[in-house]
Chemist: 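Before I ask anything, let me first share the structure, which is written out below as structure tokens.
Chain letters run A, B, ... following the sequence lines, proteins first, then strands; residues in each count from 1.
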2 protein chains.
Amino acid sequence: MREPESRKTAKAVQEPNKRRKAASQEHVTRRKILDAASDLFRDKGYASTTLRQIADAAGMQAGSVYYHFESKDAIVSEILDLGITYVFDEVKRRVEKLGPGAEPKARLEVAIDGHLSGLLSHESFLSANIRNYGQLPEDLRKKNVPLRRAYVGYWDALLLEAQKAGAIRADLDLKILRLFTIGSLNWTVEWHKPDKGSIEELSMQIKSILFDGISPVG
Amino acid sequence: MREPESRKTAKAVQEPNKRRKAASQEHVTRRKILDAASDLFRDKGYASTTLRQIADAAGMQAGSVYYHFESKDAIVSEILDLGITYVFDEVKRRVEKLGPGAEPKARLEVAIDGHLSGLLSHESFLSANIRNYGQLPEDLRKKNVPLRRAYVGYWDALLLEAQKAGAIRADLDLKILRLFTIGSLNWTVEWHKPDKGSIEELSMQIKSILFDGISPVG
DNA sequence: GTCTATAGATAGATAGAC
DNA sequence: GTCTATCTATCTATAGAC
């Protein structure tokens with residue numbers, strides 16, 4: 001997502017065709033590195049993953065990675081931001097698709113669908129994010145904070161309007177509810193197996209537990 | 001919990017007083033190392049934590065740690081097992097305290113209380129476990145698997161008897177319910193702040209969401 | 001039981017050829 | 001853009017003094 005400005009502007013005017021092809025190729029290689037790295041960060045953790053392993057999985061030598069990223073930190077930082085963006089975009093897309101007059105409960109339902117879908121469709125990015133975020137050095141975490149804050153702010157607004165509209169019990173603490181909800185959704189990356197059922201089915205079960213509880217009658 | 005057998009049996013007969021004092025001191029030092037290590041493993045991750053940092057936080061030099069543990073792996077392995085044991089023991093204790101004739105729903109409720117209490121009372125051990133387990137080498141994970149299996153087996157039994165007794169809706173998939181429930185409880189280590197409310201209050205809110213759902217009336 | 005000193009391995013990052 | 005080669009730092013673990 002972030003492009004290396006210096007290189008991008010270097011030969012911007014001349015040879016538009018060649019440049020476009022090169023930029024596209026660059027994008028492909030960057031993507032290969034990010035995909036390889038997110039798999040490794042998820043499976044072995046950030047610190048245990050070596051640049052040689054990332055390079056190997058991306059089909060190149062360790063030194064070559066530094067043409068595309070200035071450091072190992074820069075790779076994980078981009079993965080953190082991309083992960084939140086995937087989920088946030090999918091949630092917003094589905095909520096906005098409902099239109100401005102939609103019921104708050106319906107908006108909440110599609111937000112859950114969107115979160116789960118974004119999460120599990122880009123599982124390695126989100127799993128890498130969820131598993132590593134809390135253990136990264138503070139300066140790396142800080143760069144991801146604005147996006148995270150914006151995302152939880154969006155949820156807080158959804159939950160508040162739902163409670164005001166009577167779709168959520170008035171006695172529930174919305175902060176706890178948000179943490180509980182997003183947390184339980186995030187945890188699905190640890191156990192959801194795509195072959196054991198679709199994301200849609202999983203989302204239905206979870207919404208059913210969340211809205212109506214596990215007790216009968218309800 | 002695990003003691004180094006060789007040293008323990010070495011001078012077992014003579015000087016019972018001195019030996020007992022030495023063994024107790026050894027236990028204290030081991031504990032210091034485990035406490036220091038679990039804090040660091042939680043905050044920085046297993047791979048990023050160095051033996052020098054563990055030793056420093058435990059008030060000794062790096063080389064001295066090897067008198068108590070044969071490797072860094074042995075430290076994390078003991079932390080993994082201890083974490084599950086704390087939670088499992090607390091859950092069993094509370095369930096068994098209810099007696100054999102207790103209602104399945106009541107047993108489930110105290111199991112949730114026990115899990116949360118064991119989890120948050122030994123937060124650094126459980127957080128270290130939850131955060132690092134999935135990224136550890138397979139041989140380390142494998143040693144922790146029997147305890148984990150026993151624990152989820154206990155939960156599966158609790159949930160099954162509750163569903164059979166009509167305390168859980170018949171349409172819910174118990175495997176998903178168990179993963180969802182334990183997952184949402186485990187995630188509390190990421191956000192629960194002891195100063196913002198007691199574990200008991202938190203457990204009440206979570207049980208309320210889980211049993212009755214967030215929708216009103218129910 | 002704890003110390004100091006260090007062996008041996010491997011990491012992230014850089015330099016310069018092509 | 002990717003390669004090879006390598007610098008410098010730092011890690012786990014061990015050895016032997018006390």
Side-chain angles (χ1 to χ4, degrees), chain A residues 3-4 6-8 10-11 15 18-34 36-37 40-41 44-79 132 136-137 139-140, chain B residues 3-4 6-8 10-11 15 18-34 36-37 40-41 44-78 132 135-137 139-140:
Chain A
E3 301 281 1
S6 55
R7 277 202 304 284
K8 209 168 67 171
K11 35 182 179 172
E15 300 186 289
K18 251 189 185 161
R19 201 186 57 79
R20 212 177 300 131
K21 198 181 285 175
S24 145
Q25 183 54 45
E26 155 126 11
H27 176 264
V28 169
T29 309
R30 277 177 67 83
R31 187 68 209 189
K32 259 192 210 160
I33 295 169
L34 290 170
L40 288 160
F41 293 163
K44 310 156 53 71
Y46 178 63
S48 292
T49 299
T50 71
L51 252 134
R52 288 166 178 83
Q53 292 167 337
I54 296 172
D56 193 49
M60 60 182 69
Q61 296 301 310
S64 311
V65 174
Y66 285 88
Y67 178 80
H68 303 276
F69 294 91
E70 68 168 346
S71 67
K72 194 182 162 192
D73 280 3
I75 299 176
V76 78
S77 192
E78 187 152 336
I79 288 174
N132 289 289
L136 291 173
D139 59 305
L140 272 174
Chain B
E3 302 281 2
S6 55
R7 278 201 303 284
K8 208 169 63 173
K11 33 180 178 174
E15 299 186 288
K18 252 189 185 163
R19 201 187 59 78
R20 213 177 297 130
K21 197 181 282 175
S24 145
Q25 183 53 47
E26 154 124 10
H27 177 263
V28 168
T29 310
R30 277 177 68 82
R31 187 68 207 189
K32 259 190 211 160
I33 295 169
L34 291 170
L40 288 160
F41 292 163
K44 308 155 55 71
Y46 178 64
S48 291
T49 300
T50 72
L51 250 124
R52 287 169 180 82
Q53 292 167 337
I54 296 172
D56 194 47
M60 61 181 68
Q61 296 301 311
S64 310
V65 174
Y66 287 87
Y67 178 80
H68 302 277
F69 294 92
E70 70 168 344
S71 67
K72 194 184 163 190
D73 280 3
I75 298 176
V76 78
S77 193
E78 187 154 333
N132 289 289
Q135 301 185 330
L136 290 173
D139 59 308
L140 273 174

Chemist: Say whether, by atom type as modelled, one donor and one acceptor occur between the side chain of B/Gln53 and the main chain of B/Ala37 under 3.5 angstrom.
Modeler: no

Chemist: Show the nearest heavy-atom pair for residues B/Leu40 and B/Ala57, with the distance to one decimal.
Modeler: CD1-CB, 4.5 Å

Chemist: Could you grab the distance from atom CG of A/Leu34 to atom NE2 of A/His68, nearest 0.5 Å is fine?
Modeler: 10.5 Å

Chemist: Mind checking whether A/Ile75 and A/Val65 have side chains closer than 4.5 Å, heavy atoms only?
Modeler: yes

Chemist: So which heavy atom on A/Ser48 is nearest to which on B/Ala47, and how close?
Modeler: OG-CB, 3.0 Å

Chemist: A/Lys72 has an atom NZ; how far is it from atom C1' of D/dA9, in whole Å?
Modeler: 14 Å

Chemist: Rounded to the nearest angstrom, tell me the gap between atom NE2 in A/His68 and atom P in C/dT14.
Modeler: 16 Å

Chemist: For nucleotides 16-18 of chain D, which of its nitrogen or oxygen atoms have a protein nitrogen or oxygen under 3.5 Å away, and what is each distance?
Modeler:
none

Chemist: Hey, can you pull the residues of residues 48-61 of chain A with a non-hydrogen atom under 4.0 angstrom from DNA chain D?
Modeler: A/Arg52, A/Met60, A/Gln61

Chemist: Any side-chain N or O of A/Ser64 below 4.0 angstrom from OP1/OP2 of D/dG1?
Modeler: no

Chemist: Between P on C/dG1 and CD1 on B/Ile33, what's the gap in Å once rounded to a whole number?
Modeler: 12 Å

Chemist: When you look at B/Asp73 and B/Tyr46, which way does the side chain to side chain contact (heavy atoms under 4.5 Å, CB included) test go after all the steps?
Modeler: CA-CA 9 Å; B/Asp73 280 3; B/Tyr46 178 64; 2.4 Å; yes

Chemist: Are the side chains of A/Lys32 and A/Met60 in contact, using a 4.5 Å heavy-atom criterion?
Modeler: no

Chemist: Could you state the atom-to-atom distance from OH of B/Tyr66 to C1' of D/dT12 in whole Å?
Modeler: 4 Å

Chemist: Is there a side chain to side chain contact (heavy atoms under 4.5 Å, CB included) between A/Thr29 and A/Gln25? Walk through the geometry before answering.
Modeler: CA-CA 6 Å; A/Thr29 309; A/Gln25 183 54 45; 3.5 Å; yes

Chemist: Over how many whole Å does the gap from B/Tyr67 atom OH to D/dT14 atom P extend?
Modeler: 16 Å

Chemist: Roughly, in whole Å, what's the span from CD in B/Gln25 to C1' in C/dT2?
Modeler: 12 Å

